[in-house]
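Values below: every heavy atom of this structure, side chains too, minus hydrogens, waters and symmetry copies. Just so it is clear: chains get the letters A, B, ... in the order the sequence lines come, proteins before strands, and each one is counted from 1.
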Number of protein chains: 2
Amino acid sequence: MLRLSTKGQYGVRAMFEIAKGYPDKPIPIKEISERQDVSVAYLEQILNKLRNRGLIKSIKGPGGGYVLNKKPANISIGSILRELEGPVAITSCLDPEEGCIRVDGCVTYMLWKSLGEKIEGFLDTVSLYDLIEGTLYKNSK
Amino acid sequence: MLRLSTKGQYGVRAMFEIAKGYPDKPIPIKEISERQDVSVAYLEQILNKLRNRGLIKSIKGPGGGYVLNKKPANISIGSILRELEGPVAITSCLDPEEGCIRVDGCVTYMLWKSLGEKIEGFLDTVSLYDLIEGTLYKNSK
DNA sequence: GAATACTCTACTAAAGTTGTCAAGTATTCG
DNA sequence: CGAATACTTGACAACTTTAGTAGAGTATTC
């Protein structure tokens, strides 16, 4: 249960590759594709979204590629996933775009809300820097 | 992102209704259907699964219905969801039935694993009793 | 024996996911 | 200039999952 789509997964892995070139080495999409084993065409969709949301910028022409707009330590996994898949919304009640139909208080509303907050809280504390440094292996984060 | 399927959601809500009759009042499926606004036929599938896994038992004939097999305080939301949707598996790498294809250490493996553990940890601390008593509203659980 | 109530399997429409494809634009370097 | 590199965008389609419906059957009580 609670599977993350491949877009989100690949997005994080792509950002990880781009982060490794920060701040001055643009990473071409082809390189990301080879290293992370994801097709160039699919990556384009993902990186486009991340670029439009301001997480990365692109440099055209030979020697070009993608570069982070902020320090790896300032880009959380949560922010990447939110741009690609929207906010955590365990149920449709909690999706800002849908909302709850049932007027009376739903017994499980608070449950899913708490869970969502727990998840986002965690994802917002982990950054690309942590991924590069392997912080997750070292402490109890 | 990370939406729970309706089967899981309805399952928890159905268990909540059944819990209210514990220990001696069987709740007929029709009553659950009306109170939680889910079709009888769909509920049948869900309750069948929960019965086969031993969380509830059924009593046939007039006056029959479903009854919990354990105290509400001893049935966690996590256990209900696991029976209906399998274990938390943010990515296919972490699904016991699939496993990771990439032999080399995936940079994000630990990330998704930690997240999954956080989620299951939370869901295992909340019980049907908490749902009935509204514990989530009262403390910081 | 009629009413109540659970049991089980098959099936399907809709939605979402996971990509591919093709045509185009921008930039650099020799 | 012009060729190579690299990003940009939108359309589209196969596949899978989800969310449910349908229907025939079994068991129990009063």
Side-chain angles (χ1 to χ4, degrees), chain A residues 1-11 13-14 17-18 21 25-34 36-53 55-67 69 81 84-86 89-92 95 97-98 101, chain B residues 1-11 13-14 17-18 21 25-34 36-53 55-67 69 81 84-86 89-92 95 97-98 101:
Chain A
M1 58 168 147
L2 294 174
R3 182 74 55 98
L4 196 66
S5 80
T6 56
K7 264 200 169 94
Q9 295 176 44
Y10 296 168
R13 274 155 58 189
E17 290 299 329
I18 298 169
K25 186 169 166 252
I27 313 291
I29 205 166
K30 202 181 159 200
E31 195 170 322
I32 301 172
S33 164
E34 286 163 0
Q36 292 293 337
D37 200 28
V38 178
S39 83
V40 167
Y42 198 28
L43 273 175
E44 277 168 350
Q45 280 182 33
I46 295 166
L47 295 181
N48 234 308
K49 215 160 187 173
L50 294 173
R51 185 178 51 81
N52 288 329
R53 307 306 174 93
L55 266 66
I56 52 176
K57 65 185 171 195
S58 57
I59 299 167
K60 295 191 174 189
Y66 290 90
V67 183
N69 263 340
L81 294 179
L84 290 174
E85 306 198 27
I90 307 295
T91 60
S92 57
D95 190 324
E97 294 191 5
E98 302 188 54
I101 305 153
Chain B
M1 60 169 146
L2 295 174
R3 182 73 54 100
L4 197 66
S5 81
T6 56
K7 264 201 167 95
Q9 295 175 43
Y10 297 168
R13 274 156 56 189
E17 290 298 331
I18 297 169
K25 186 170 164 249
I27 312 291
I29 205 167
K30 202 180 160 202
E31 193 171 324
I32 301 172
S33 165
E34 285 164 2
Q36 292 293 336
D37 199 27
V38 178
S39 85
V40 167
Y42 198 29
L43 274 175
E44 276 169 350
Q45 282 181 31
I46 295 167
L47 294 182
N48 235 310
K49 216 162 188 172
L50 293 174
R51 184 179 50 82
N52 288 329
R53 307 306 174 92
L55 266 65
I56 52 177
K57 66 183 172 194
S58 57
I59 298 167
K60 295 191 175 188
Y66 291 91
V67 183
N69 262 339
L81 294 178
L84 291 173
E85 306 198 28
I90 307 295
T91 60
S92 57
D95 190 324
E97 294 191 5
E98 301 190 54
I101 305 153

Q: Name the pairing partner of D:dC30, where a pair is Watson-Crick or G-U wobble with both distances under 3.5 Å, or state none.
A: C:dG1
Q: For the pair made of NZ in B:K57 and P in D:dT28, what is the distance, rounded to whole Å?
A: 14 Å
Q: Please report the distance, rounded to the nearest Å, between OH in B:Y42 and P in C:dA13.
A: 17 Å
Q: Keeping the roles fixed (side chain from A:Q9, backbone from A:L4), state whether a donor-acceptor pair exists under 3.5 Å.
A: yes
Q: Check the interface with nucleotides 6-11 of chain D: list each N/O to N/O pair with the protein under 3.5 Å, or write none.
A:
| residue | atom | partner | partner atom | Å |
| --- | --- | --- | --- | --- |
| D:dC7 | OP1 | A:I29 | N | 3.1 |
| D:dC7 | OP2 | A:I29 | N | 3.3 |
| D:dC7 | O3' | A:S58 | OG | 3.1 |
| D:dT8 | OP1 | A:R51 | NE | 3.2 |
| D:dT8 | OP1 | A:S58 | OG | 2.8 |
| D:dT8 | OP2 | A:R51 | NE | 2.9 |
| D:dT8 | OP2 | A:Y66 | OH | 3.2 |
| D:dT9 | OP2 | A:N48 | OD1 | 3.0 |
| D:dT9 | OP2 | A:R51 | NH2 | 2.6 |
| D:dT9 | O4 | A:E44 | OE1 | 3.3 |

Q: Return the value, rounded to whole Å, for the distance between atom CD1 of B:I46 and atom P of D:dG20.
A: 9 Å
Q: Give the rounded distance in Å between these two atoms: CD1 of B:I18 and P of C:dA5.
A: 14 Å
Q: For the CG atom of A:L84 and the NZ atom of A:K7, what is their distance to the nearest 0.5 Å?
A: 8.5 Å
Q: For B:T6 and D:dA19, is the shortest distance between a side-chain N/O and OP1 or OP2 below 4.0 Å?
A: yes
Q: Using modelled atom types and a 3.5 Å cut-off, is there a donor and acceptor pairing between side-chain atoms of A:S33 and backbone atoms of A:V38?
A: yes
Q: From the set C:dG19, C:dT18, D:dA19, return the single nucleotide nearest to any side-chain atom of A:S39.
A: C:dG19
Q: Send over the distance from B:L84 CG to D:dT18 P, rounded to a whole Å.
A: 12 Å
Q: Please step through side-chain contact (heavy atoms from CB on, under 4.5 Å) for the pair A:I18 and A:L47, ending with a clear verdict.
A: CA-CA 10 Å; A:I18 298 169; A:L47 295 181; 4.0 Å; yes
Q: Return the value, rounded to whole Å, for the distance between atom NZ of B:K7 and atom P of D:dT21.
A: 12 Å
Q: How close or far is atom P of C:dC8 from atom CG of B:L50, stated in whole angstroms?
A: 14 Å
Q: B:Q36 CD to D:dA19 C1': how many Å, rounded?
A: 17 Å
Q: Please state whether the phosphate of C:dG19, meaning OP1 or OP2, lies under 4.0 angstrom from any side-chain nitrogen or oxygen of A:Y10.
A: yes
